S.K.: 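Okay, handing you the structure first.
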Amino acid sequence: MAQKPSIPKGTRDFGPAEMVKRNFIFDTIKSVFKLYGYQPIETPAMENLSTLMGKYGEEGDKLLFKILNSGDFLSKADDALLQEKESAKLTSQISEKGLRYDLTVPFARFVVQHRNELQFPFKRYQIQPVWRADRPQKGRYREFYQCDVDVIGSNSLLNEVELIQIVDEVYRRLKINVLVKINNRKILSGIAEVIGQPDKIIDITVAIDKIDKIGLDNVNTELAEKGLPRQAIDRLQPILNLAGSNSEKLEQIKKVLATSEIGLKGIEEMETIFNWLQPLGVQTGVELDLTLARGLNYYTGAIFEVKALDVEMGSITGGGRYDDLTGIFGLPEVSGVGISFGADRIYDVLEQMDAYPKEADVTTRLFFVNFGEAEQTWCLPLIHQLRNAGISAEIYPEAAKLKKQMIYANSRNIPFVAMVGEEEMNTGCITLKDMEKGTQETLSGDELVERMKK
RNA sequence: GUGGAUGUAGUUCAGUUGGUUAGAGCGCUGGAUUGUGGUUCCAGAGGUCGCCGGUUCGAGCCCGGUCUUCCACCCCA
């Protein structure tokens with residue numbers, strides 16, 4: 001009768017070996033966030049559906065996990081809608097909560113609710129899972145962790161610059177080669193304006209975002225299908241074909257957008273960011289990519305995306321500036337900017353590169369063989385002393401065969417094994433074995449502690 | 001949400017036109033070695049062939065459904 005247990009599609013268990021690597025990623029990211037003065041917060045896994053709906057576009061609403069109301073949730077539902085099986089309309093009657101889709105919208109809600117307790121500009125980081133009812137694929141999960149850093153309550157482009165520095169620092173520490181792509185929604189708006197299609201900005205951005213993947217011709221076809229007139233598509237071509245350095249691209253696009261106030265504003269922002277960034281010694285490549293759009297429609301200024309250079313993978317970090325996300329919750333005129341590191345994709349990238357530091361695999365540093373009750377009693381105070389000195393140590397819980405205990409230590413990747421049997425107890429010393437070199441030495445208790453500290 | 005692949009031991013994978021008892025490497029357990037792991041040698045355990053149903057004298061293999069994973073689209077971390 002026992003059935004095989006399983007977990008929902010797109011979710012995963014993490015064993016010790018995976019958790020050690022995941023924690024390495026989280027710890028690295030967190031330490032950089034702290035280094036730049038960001039403060040941690042957490043918010044609930046579930047939010048009111050009214051907080052989440054409508055923030056991510058039509059597609060996003062579909063991908064939200066909705067939670068059924070408690071109790072007899074159907075009793076309040078409209079009979080007519082039930083009969084028609086109108087799921088979309090019925091949702092609001094049977095579900096008022098949902099799992100968060102990202103960390104930015106819950107953060108905006110948090111800021112509005114706690115505005116009087118916060119000191120602005122507020123710099124926070126948040127590392128928590130989010131859920132999307134997407135169809136899983138490689139690098140795409142239904143439950144995954146985002147590591148967000150945001151500054152809210154400051155219009156300064158210094159924040160954008162700082163976020164690029166953070167990206168540079170994080171990926172340098174993780175030893176992943178990346179390229180930062182940057183663009184600006186104001187430039188995209190300017191383009192839409194100049195070609196006479198300001199209301200088609202979403203369609204235009206979604207289409208040109210795919211240029212790397214499907215090529216220029218297919219982008220043009222898609223634009224025509226979305227109802228853009230021939231003339232407008234023609235005027236778009238020089239923009240899509242821009243080449244050269246960042247400043248060269250900006251010079252060229254400046255001429256095209258000469259009549260668009262918003263477009264010129266976007267160019268000015270980009271110039272400022274590049275100018276401020278220039279002397280800071282950022283090693284990661286930062287490239288202006290006018291075809292970078294990003295789907296989330298709350299972005300209003302700079303938008304970022306980070307791609308791994310050595311591994312085929314979707315973007316591993318993304319973000320941008322949102323001028324009025326808190327406005328929806330009743331706090332207007334507060335601008336924020338932030339980015340999100342996708343921990344699970346970073347994990348996949350490191351896994352493919354096989355680039356984890358060896359130490360990441362070590363949990364216990366010194367393992368004590370258990371030869372029996374008398375030996376065990378002799379060892380325990382010493383183990384306590386080692387732990388007080390900050391050395392991770394453990395003893396096998398029973399006097400199993402030596403071979404079995406050695407195999408255990410070996411499979412746990414424990415670098416040192418201490419052996420205290422009858423001989424050692426009589427002379428008051430410890431035999432220490434280096435598991436990697438295979439060498440052994442005899443030490444006193446104090447010498448052992450000193451030796452392990454190195 | 002649309003289209004297409006996939007599933008066999010803990011794991012990676014073989015398995016002939018449908019035909020006796022479903023195999024291998026790695027891993028695991030025990031031994032060679034009662035105070036020495038990672039190398040070697042010997043022996044052994046381990047499978048509702050994803051699940052449900054159908055066709056057939058007979059199904060791991062054929063058919064239908066379902067679930068998982070993966071790929072493309074869509075979108076995104």
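Just so it is clear, the values below take in all heavy atoms, side chains as well, and ignore hydrogens, waters and symmetry mates. Chain letters run A, B, ... following the sequence lines, proteins first and then strands; every chain starts at 1. Since we're looking at a predicted model, the values are computed, not measured.
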S.K.: For I346(A) and rA77(B), give me the distance from atom CD1 to atom P, rounded to whole Å.
M.R.: 13 Å

S.K.: CD of E441(A): more than 12 outside heavy atoms within 6.0 angstrom?
M.R.: yes

S.K.: What is the base-pairing partner of rC13(B), counting Watson-Crick and G-U wobble geometry with both distances under 3.5 Å?
M.R.: rG23(B)

S.K.: Quick test of your reading of the model: are E394(A) and R412(A) salt-bridged, counting only N-O distances below 4.0 Å?
M.R.: yes

S.K.: If you check the M419(A) side chain, which of rA77(B), rC74(B), rU36(B) turns out closest?
M.R.: rU36(B)

S.K.: Is it the case that more than 12 heavy atoms not belonging to E58(A) sit under 6.0 Å from its CD atom?
M.R.: no

S.K.: Looking at every strand, decide which applies to S411(A) at a 4.0 Å heavy-atom threshold: base, sugar-phosphate, or nothing.
M.R.: nothing

S.K.: Where the side chain of P136(A) is concerned, which of rG35(B), rC75(B), rU69(B) is the nearest nucleotide?
M.R.: rU69(B)

S.K.: Is it the case that rG37(B) (base atoms only) and N410(A) (side chain only) share a donor and an acceptor within less than 3.5 Å, ignoring hydrogens and angles?
M.R.: yes

S.K.: From rC73(B), rG37(B), rU68(B), pick the nucleotide closest to the side chain of R140(A)?
M.R.: rC73(B)

S.K.: Please report whether the ring centroid of Y38(A) lies less than 6.0 Å from that of Y125(A).
M.R.: no

S.K.: Of the nucleotides rU68(B), rC74(B), rG37(B), which has the atom closest to the E222(A) side chain?
M.R.: rC74(B)

S.K.: How about M435(A): does its CE atom have over 12 heavy atoms from other parts shown lying under 6.0 Å from it?
M.R.: yes

S.K.: Base, sugar-phosphate alone, or nothing: which one does E423(A) contact when heavy atoms must sit under 4.0 Å apart?
M.R.: base

S.K.: Would you call F341(A) stacked on rA77(B), i.e. ring centres under 5.5 Å apart with the planes less than 30° off parallel?
M.R.: no

S.K.: Any base atoms under 4.0 Å from E424(A), or only sugar-phosphate, or nothing? Heavy atoms, all strands.
M.R.: base

S.K.: Mind checking if K210(A) touches a base, just sugar-phosphate, or nothing, with heavy atoms under 4.0 Å?
M.R.: sugar-phosphate

S.K.: Any side-chain N or O of Q440(A) less than 4.0 Å from the OP1 or OP2 oxygen of rU36(B)?
M.R.: no

S.K.: Could you work out the separation of rG15(B) and rG47(B) based on their C1' atoms and round it to a whole Å?
M.R.: 14 Å

S.K.: For G60(A), answer base if it contacts any base atom (sugar-phosphate contacts may also be present), sugar-phosphate if it contacts only those atoms, and nothing otherwise; contact means non-hydrogen atoms under 4.0 Å.
M.R.: nothing

S.K.: Would you indicate what Y145(A) reaches in the nucleic acid, counting non-hydrogen atoms under 4.0 angstrom: base, sugar-phosphate, or nothing?
M.R.: nothing

S.K.: Both T11(A) and R345(A) contact RNA chain B. Which one's nearest nucleotide lies toward the 5' end?
M.R.: T11(A)

S.K.: Scan K62(A) against the nucleic acid and name what it touches under 4.0 Å (heavy atoms): base, sugar-phosphate only, or nothing.
M.R.: nothing

S.K.: Of all the nucleotides listed (rU69(B), rG35(B), rC75(B)), which has the minimum atom distance to the side chain of K9(A)?
M.R.: rU69(B)

S.K.: Would you kindly check whether a donor in the side chain of K433(A) faces an acceptor in the base of rG37(B), or vice versa, at under 3.5 angstrom?
M.R.: yes

S.K.: Under a 3.5 Å threshold, yes or no: a donor from one side chain and an acceptor from the other, between N184(A) and E269(A)?
M.R.: yes

S.K.: Picking from rC76(B), rC75(B), rC71(B), which would you name as closest to the side chain of R135(A)?
M.R.: rC71(B)

S.K.: So, T291(A) and D289(A): side-chain donor and acceptor under 3.5 Å apart, yes or no?
M.R.: yes

S.K.: Have a look at G314(A) and say if it touches a base, only the backbone sugar-phosphate, or nothing, with a 4.0 Å heavy-atom cut-off.
M.R.: nothing

S.K.: For rG53(B), give its Watson-Crick or G-U wobble partner with both distances under 3.5 Å, or none.
M.R.: rC63(B)

S.K.: Of K437(A) and Y141(A), whose closest RNA chain B nucleotide lies nearer the 5' terminus?
M.R.: K437(A)

S.K.: Find the partner of rG1(B): check Watson-Crick (N1-N3 plus N6-O4 or O6-N4) and G-U wobble (N1-O2, O6-N3) distances, both under 3.5 Å, and reply none if neither fits.
M.R.: rC73(B)

S.K.: Measure from the side-chain heavy atoms of R132(A) and tell me the nearest of rU36(B), rA77(B), rG35(B).
M.R.: rA77(B)

S.K.: Tell me what G57(A) touches on the nucleic acid: a base, only sugar-phosphate, or nothing, going by heavy atoms under 4.0 Å.
M.R.: nothing

S.K.: What is the base-pairing partner of rU40(B), counting Watson-Crick and G-U wobble geometry with both distances under 3.5 Å?
M.R.: rA32(B)

S.K.: Using a heavy-atom cut-off of under 4.0 Å over every strand shown, decide if G10(A) touches base, sugar-phosphate, or nothing.
M.R.: sugar-phosphate

